[in-house]
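What's counted below: heavy atoms across the whole structure, side chains too, no hydrogens, waters or symmetry copies. In what follows, chains carry the letters A, B, and so on, assigned in the order in which the sequence lines appear, proteins first and then strands, with residues in each chain numbered from 1.
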There are 2 protein chains.
Amino acid sequence: MSAEFALIERYFAQLGNGYPAVVLGIGDDAAVVQPPDGQELTMSTDTLLAGVHFPHAAPPELLAWRALQVNLSDLAAMGAEPLAFTLALSLPAIDDQWLRPFAAGLAACAKNSGIPLVGGDTTSGSLAITITVLGSVPRGQALTRAGARAGDGIYVDGTLGDGAAALHLLTQGSLQDSPALQQRFYQPEVNLPLGVALRSLAHAAIDVSDGLLADLGHVLSASSVGAELQLTALPVSEASRAAASNLAQSQLWSLTGGDDYRLCFTMPPEHEQQLSEQGYELNRIGTVSTEPGIRLYEGAVEKPLPERTGYEHFGHQ
Amino acid sequence: MSAEFALIERYFAQLGNGYPAVVLGIGDDAAVVQPPDGQELTMSTDTLLAGVHFPHAAPPELLAWRALQVNLSDLAAMGAEPLAFTLALSLPAIDDQWLRPFAAGLAACAKNSGIPLVGGDTTSGSLAITITVLGSVPRGQALTRAGARAGDGIYVDGTLGDGAAALHLLTQGSLQDSPALQQRFYQPEVNLPLGVALRSLAHAAIDVSDGLLADLGHVLSASSVGAELQLTALPVSEASRAAASNLAQSQLWSLTGGDDYRLCFTMPPEHEQQLSEQGYELNRIGTVSTEPGIRLYEGAVEKPLPERTGYEHFGHQ
């Protein structure tokens, strides 16, 4: 409709400007994008709903970051480079006070990763943000969940459990008191260059969105292998420790909490040095084994796995 | 989350099977798709919300058709061929009685146009369907809204106003009494082969989603031209005539009603014969002129334009 059309044009049209790959941006029936020669495309979509994935009063600028970063995280886990994205935005009202900072946050986040916005749809409804990202990867080089081999080290590229810690503070209404966790929740880092570097080094990769045990479990199932994890090797942030009542809670968050958007990957340990020398943060948390399932150790002592390996959104019933 | 993952797998995973372009379908962080060599990509997204774009009680099988067809309509208007699509589905509950026919309808519609489903996200919220379609078109051959030239004929590929007529019956609770209009509302035809044929013949194209005057207006603005339309040349269906209280209402629907998803395009009239011989339905409704704006004629008599050229969704406030 005309009002929607004008809305998109006004707030978002410039987010596709200045990219040579964008042959035709927002404003026609569809965008036209030039993919790099000889590449395959990666495509993924994620929705964030108010009251489910974030509070209704979430700061729009930060929310925009989160909506795009969680999608870029899927591209990173494939070893893909960003090509273009679309935005489907449902809003209770056309509110300049909300749209202006949302568009500014989206522009900053998109620029940060060099991905143009090429299309969108705005509808009148409860607040919902669906982003679809398109990436590219050289033919046959996409990183998948299958391929992990016994003997591979299991790595994550940063601390785990911050998403769950932030959620804990959010439900208590005190997230704003922890700038570190607020940033981790709304502006999770996504290491696209690491994903690219891993194409030729890692055997399998996934992004930790639903919790380490759940997501690593997908890798292990797809690869028909198992894993041994070292509890004390799980990287936990100071902010998460401060938010938790004790170490055990931080560790539980790092095992089962969602919304971390870290890369988790398996590779032969001999590649560690190469990546470290390139400046990438690597935390080895365990080893791939032939025996199916995940076993958790503290030193040589096997520890029980948490009963709930899954994930709870903000507002999840 | 695991429940969502299992949900998508169960109902939708097979919708990506059997397509050579799908290197990796649903089930990883992102899908991997092989685009045809030497082509540009077209990308578009559209959301349908319950209570806004369709009634909450809409038949799920038909709704799935509608959600995909309105997106394919954007590809047709670019002259693109379908490559892949993603589905973001928000649902009040995981309801097998709803999901089974929805998935069946989506499978049938996707198969009908030969487009694989390669990714998705399901969330718990009010019913909303966002589809993002990816298409391909030979480099530089995408049909845009710009390019219409004075002297071009203005064409549509079928009747206009059926969407508005269906909406009229829908708000009266009697859409089911008109199978023809019910089909036009939920299963609008999308002529992808005509879009492809128009690449080398048409100067500009758009799909009629917001109403002829509004959408043709976009073409004329983008092309810096105007148009003269012949009121009696507007193709109106028998079903629309039957639903309308008089001819004037049918004509108003055909000028301003949304949800028709017809192709509207401009091209030199000498191409008419070629397209007709290929079996495409062509209805010439007017002529592109140098003078900006749209002028409406009945024979030689100029008629006033309707005051409202825009579009009203079902449930629009």
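Considering only heavy-atom pairs separated by less than 4.5 Å from chain A, the leading option among B/Val23, B/Asp74, B/Leu41, B/Thr47 is B/Leu41. Looking only at heavy-atom pairs under 4.5 Å with chain B, the residue among A/Ala30, A/Ala222, A/Ser44 that has the most is A/Ala30. When each of A/Ala88, A/Ala21, A/Ala31 is scored by its heavy-atom pairs under 4.5 Å with chain B, the top score falls to A/Ala31. Per-residue heavy-atom pair counts under 4.5 Å with chain A were compared for B/Leu75, B/Asp46, B/Leu24, B/Val219, and the maximum is reached by B/Asp46. In terms of non-hydrogen atom pairs under 4.5 Å with chain A, the most contact-rich of B/Thr86, B/Asn71, B/Val118, B/Leu143 is B/Thr86.
A salt bridge links B/Arg145 with A/Asp29: the closest approach of a Lys/Arg side-chain nitrogen to an acidic carboxylate oxygen falls below 4.0 angstrom.
Under a 3.5 Å cut-off, the side chain of B/Arg262 and the backbone N or O of B/Leu212 do not form any donor-acceptor pair. Side-chain N or O atoms of B/Ser73 include none that pairs as donor or acceptor with a backbone N or O of B/Gln69 at under 3.5 Å. No side-chain donor-acceptor contact under 3.5 Å links A/Thr266 to the backbone of A/Ile154. Panel note: side chain B/Asp215, backbone B/Ser209; a donor-acceptor pair is recorded below 3.5 Å. Distance alone, capped at 3.5 Å, places no donor-acceptor pair between the A/Ser113 side chain and the A/Ile115 backbone. One N or O on the side chain of A/Thr144 and one on the backbone of A/Ala146 form a donor-acceptor pair closer than 3.5 Å.
From A/Leu117, atom CG reaches atom CZ of A/Phe12 across 7.5 Å, with rounding to the nearest 0.5 Å. Between atom OG1 of residue B/Thr122 and atom CG of residue B/Leu99 there is a gap of 8.5 Å, rounded to the nearest 0.5 Å. Atom-to-atom distance recorded for A/Arg66:CZ and A/Ile131:CD1 is 11.5 Å, nearest 0.5 angstrom. Here NE2 of B/His56 is found 9.5 Å from CG of B/Leu49. Values are rounded to the nearest 0.5 Å.
A/Tyr155 and A/Asp157 share no side-chain donor-acceptor pair at under 3.5 Å. B/Asp259 and B/Tyr261 are linked by a side-chain donor-acceptor pair at a separation below 3.5 angstrom, with hydrogens and angles left out of the test.
The two atoms that bring A/Ile26 and A/Ala13 nearest to each other are CD1-CA, 4.3 Å, heavy atoms only.
Among residues 32-40 of chain B, the residues having any heavy atom closer than 4.5 Å to a heavy atom of chain A are, in sequence order, B/Val32, B/Val33, B/Gln34, B/Pro35, B/Asp37, B/Gln39, B/Glu40. Scanning residues 132-139 of chain A against chain B with a 4.5 Å non-hydrogen threshold yields A/Thr132, A/Leu134, A/Arg139, sorted by number.
Residue contact with chain A, scored on non-hydrogen atoms closer than 4.5 Å, involves the backbone and the side chain of B/Thr42 alike. Interface residue B/Ser126: only side-chain heavy atoms are found under 4.5 Å from chain A. A/Ser90 touches chain B through its side chain: at least one heavy atom from C-beta onward sits under 4.5 Å away, while N, CA, C and O do not. Proximity to chain A is absent for every atom of B/Leu89, based on heavy atoms less than 4.5 angstrom apart. Of the atoms belonging to B/Ala205, it is backbone heavy atoms, and not side-chain ones, that fall under 4.5 Å from chain A. Interface residue A/Ala77: backbone and side-chain heavy atoms are both found under 4.5 Å from chain B.
Under the 4.5 Å side-chain criterion, counting only non-hydrogen atoms from C-beta, B/Pro188 is not in contact with B/Asp260.
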